[in-house]
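Scroll down for the structure; my scribbles are underneath it.
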Amino acid sequence: MTNTDTHPHTPAHRTNSEVLTATVELSGKKVVDVGCGEGNLVRLMTRHGAKVFGVECNPQQLEKAHEQKPVGGEIYHDGRAEALPFADASVDLVVFFNSLHHVAVDAMDKALSEAARVLKSGGQVYVCEPVAEGPHFELMQPVHDETIVRAKAYEAVQGADSLGLTLDQEFTYLHPAHHKNFAQFKERMLRINPHRADDFAQLESQLEAAFERLGTPDADSFVFDQPMRVNLLSKP
């Protein structure tokens with residue numbers, strides 16, 4: 001039965017890493033993190049005993065991942081979701097964290113079918129996507145409006161049964177997104193979306209005002225709530 005309620009018996013506010021490690025078994029598993037970015041989750045899952053392969057197509061993000069000190073035997077690949085560099089039925093878990101909506105809309109089904117292809121029977125796909133609402137979304141929206149692509153990613157997940165995957169669970173939670181300051185937010189946004197540099201420059205004063213209005217100071221950073229949705233799928 002699919003669970004569409006907020007994650008049971010837990011507070012609404014949870015970090016992405018807490019939810020991931022509480023939802024899927026990692027120890028001893030072979031895991032692919034699709035769209036791994038700078039590798040934060042790759043290293044987290046490695047620390048939890050998984051053999052993790054990060055796949056990333058953005059060269060700046062991949063360079064950032066390689067710059068980090070390894071925590072175990074993690075490996076990074078230059079690759080794309082719709083053409084995973086792994087053999088059939090060779091992986092226990094495929095993770096799409098904040099990444100499925102970055103796949104071209106006409107390739108989202110292919111990305112999920114690739115996940116099904118590389119999964120062993122009984123393997124799982126963990127899809128965690130930001131919902132297009134909340135303070136963090138509002139902060140990014142002027143230069144990074146993902147309303148449509150996030151909706152398309154959710155549509156792809158809902159149709160995953162035709163791709164060889166079964167939807168086992170769905171739930172939402174609130175993730176506290178941290179940015180040390182506006183300068184760090186700007187650097188991160190432009191590293192992910194270098195093609196939006198001109199737009200960012202034109203709207204910078206507006207974005208900085210929104211940063212101060214929407215963020216909640218917390219120790220050494222500013223916090224922005226971001227609603228997240230998890231879909232857990234499996235391969236029969």
Side-chain angles (χ1 to χ4, degrees), residues 3 7-8 10 14-58 61-103 111-130 153 157 160 163-173 175-178 192 228-236:
N3 173 20
H7 202 283
T10 54
R14 306 183 76 200
T15 67
N16 292 321
S17 57
E18 287 172 344
V19 173
L20 172 65
T21 55
T23 304
V24 294
E25 177 63 42
L26 293 170
S27 181
K29 302 296 185 180
K30 182 176 180 180
V31 181
V32 175
D33 184 2
V34 182
C36 68
E38 56 194 75
N40 290 328
L41 280 188
V42 169
R43 293 184 291 278
L44 172 77
M45 292 187 289
T46 300
R47 286 193 292 269
H48 278 78
K51 175 64 176 177
V52 190
F53 300 83
V55 176
E56 177 58 52
C57 65
N58 182 319
Q61 292 284 77
L62 198 58
E63 180 180 359
K64 195 85 170 178
H66 282 296
E67 287 174 356
Q68 305 302 312
K69 182 179 179 180
V71 299
E74 66 267 33
I75 297 172
Y76 298 101
H77 291 276
D78 179 3
R80 308 188 72 87
E82 57 269 37
L84 294 177
F86 304 99
D88 295 358
S90 63
V91 173
D92 298 298
L93 173 68
V94 177
V95 174
F96 289 90
F97 170 73
N98 205 10
S99 60
L100 184 58
H101 69 274
H102 287 293
V103 177
L112 290 173
S113 66
E114 272 290 274
R117 178 185 66 78
V118 303
L119 276 180
K120 301 173 183 177
S121 178
Q124 294 177 305
V125 181
Y126 180 92
V127 181
C128 183
E129 285 278 307
V157 168
L163 306 172
L165 296 168
T166 300
L167 178 60
D168 295 328
Q169 191 176 9
E170 177 181 305
F171 60 87
T172 58
Y173 63 96
H175 169 73
H178 289 260
I192 296 171
M228 305 294 292
R229 180 190 295 112
V230 169
N231 290 101
L232 190 64
L233 307 102
S234 62
K235 180 179 179 178

Worksheet entry | Atom of Glu56, atom of Asn58 and distance for their closest heavy-atom approach | OE2-N, 2.9 Å
Worksheet item: Does Glu18 reach the main-chain N or O of Thr15 with its side chain, forming a donor-acceptor pair under 3.5 Å?
Response: yes
Kindly list each side-chain donor-acceptor pair under 3.5 angstrom involving residues 39-47, sequence neighbours excluded, with atom names and distances?
| from | atom 1 | to | atom 2 | distance (Å) |
| --- | --- | --- | --- | --- |
| Asn40 | OD1 | Arg43 | NH2 | 2.9 |
| Arg43 | NH1 | Glu38 | O | 3.0 |
| Arg43 | NH1 | Gly39 | O | 3.3 |
| Arg43 | NH1 | Tyr76 | OH | 3.1 |
| Arg43 | NH2 | Glu38 | O | 3.2 |
| Thr46 | OG1 | Val42 | O | 2.7 |

Worksheet item: Which atom pair, heavy atoms only, marks the closest approach of Gly164 to Pro236?
Response: O-CD, 3.6 Å
Worksheet item: Looking at Arg80 and Cys57, what are the two nearest heavy atoms and their distance?
Response: NH1-CB, 3.6 Å
Item to complete: Answer yes if the side chains of Tyr173 and Asn16 hold a donor-acceptor pair under 3.5 Å, and no otherwise.
Response: yes
Fill in: Contact check, side chains of Leu232 and Val125, non-hydrogen atoms, under 4.5 Å
no
Discussion item. Between Lys235 and Leu165, is the side chain to side chain contact (heavy atoms under 4.5 Å, CB included) condition met? List the steps.
Written reply: CA-CA 5 Å; Lys235 180 179 179 178; Leu165 296 168; 4.3 Å; yes
Practice prompt. Check whether any side-chain heavy atom of Lys69 lies under 4.5 Å from a side-chain heavy atom of Val71, and answer yes or no.
Written response: no
Item to complete: Would you check if the side chain of Lys29 reaches a backbone N or O of Ala50 as a donor-acceptor pair within less than 3.5 Å?
Response: no
Fill in: Arg117/Asp88 ion pair, N-O < 4.0 Å
yes
Worksheet item: Do the side chains of Pro130 and Asn98 get nearer than 4.5 Å, heavy atoms only?
Response: yes
Discussion item. Please determine whether side chain to side chain contact (heavy atoms under 4.5 Å, CB included) holds for the pair Val103 and Glu82, giving the CA-CA distance in whole Å, both sets of side-chain angles, and the decisive distance to 0.1 Å.
Written reply: CA-CA 8 Å; Val103 177; Glu82 57 269 37; 4.1 Å; yes
Discussion item. I'd like to know if the side chain of Glu129 reaches the main chain of Leu100, judged simply by a donor and an acceptor atom lying under 3.5 Å from each other, with no hydrogens or angles considered.
Written reply: yes
Practice prompt. Could you go through the ring-ring contact (aromatic ring centres under 6.0 Å, His included) check for Tyr126 and Phe97 one step at a time?
Written response: CA-CA 8 Å; Tyr126 180 92; Phe97 170 73; 8.0 Å; no
Practice prompt. Determine yes or no for a side-chain-to-main-chain donor-acceptor pair under 3.5 angstrom, with Glu63 supplying the side chain and Gln61 the backbone.
Written response: no
Worksheet item: Yes or no on side chain to side chain contact (heavy atoms under 4.5 Å, CB included) for Val55 and Asp33, after CA distance, side-chain angles and deciding distance?
Response: CA-CA 6 Å; Val55 176; Asp33 184 2; over 6 Å; no
Worksheet item: Shortest non-hydrogen contact from Ser234 to Asp168?
Response: OG-OD2, 2.7 Å
Item to complete: Measure the NZ-OG distance between Lys120 and Ser90 for me, rounded to the nearest 0.5 Å.
Response: 7.5 Å
Discussion item. Please give me the minimum heavy-atom distance between Leu84 and Glu114, naming the atom from each residue.
Written reply: N-OE1, 2.8 Å
Fill in: Donor-acceptor contact present, side-chain Asp92 to main-chain Lys30, <3.5 Å
yes
Fill in: Non-hydrogen side-chain atoms of Leu233 and Thr166 separated by less than 4.5 Å
no
Worksheet entry | Heavy-atom side-chain proximity of Val230 to Thr172 below 4.5 angstrom | no
Item to complete: Report yes or no: does Ser99 contribute a side-chain atom to a donor-acceptor pair with the main-chain N or O of Val34 at less than 3.5 Å?
Response: yes
Item to complete: Measure the SG-NE2 distance between Cys128 and His175 for me, rounded to the nearest 0.5 Å.
Response: 9.0 Å
Worksheet entry | Candidate pair His77 and Val32, rule side chain to side chain contact (heavy atoms under 4.5 Å, CB included), full reasoning | CA-CA 10 Å; His77 291 276; Val32 175; over 6 Å; no
Worksheet, complete the sentence: Correct closest heavy-atom pair for Leu163 and Leu112 would be CD1-CB, 3.7 Å
Worksheet item: Is there a donor-acceptor contact under 3.5 Å from the side chain of Gln124 to the main chain of Leu93?
Response: no
Worksheet item: Taking side chain as C-beta onward, heavy atoms only, is Val19 less than 4.5 Å from Phe171?
Response: yes
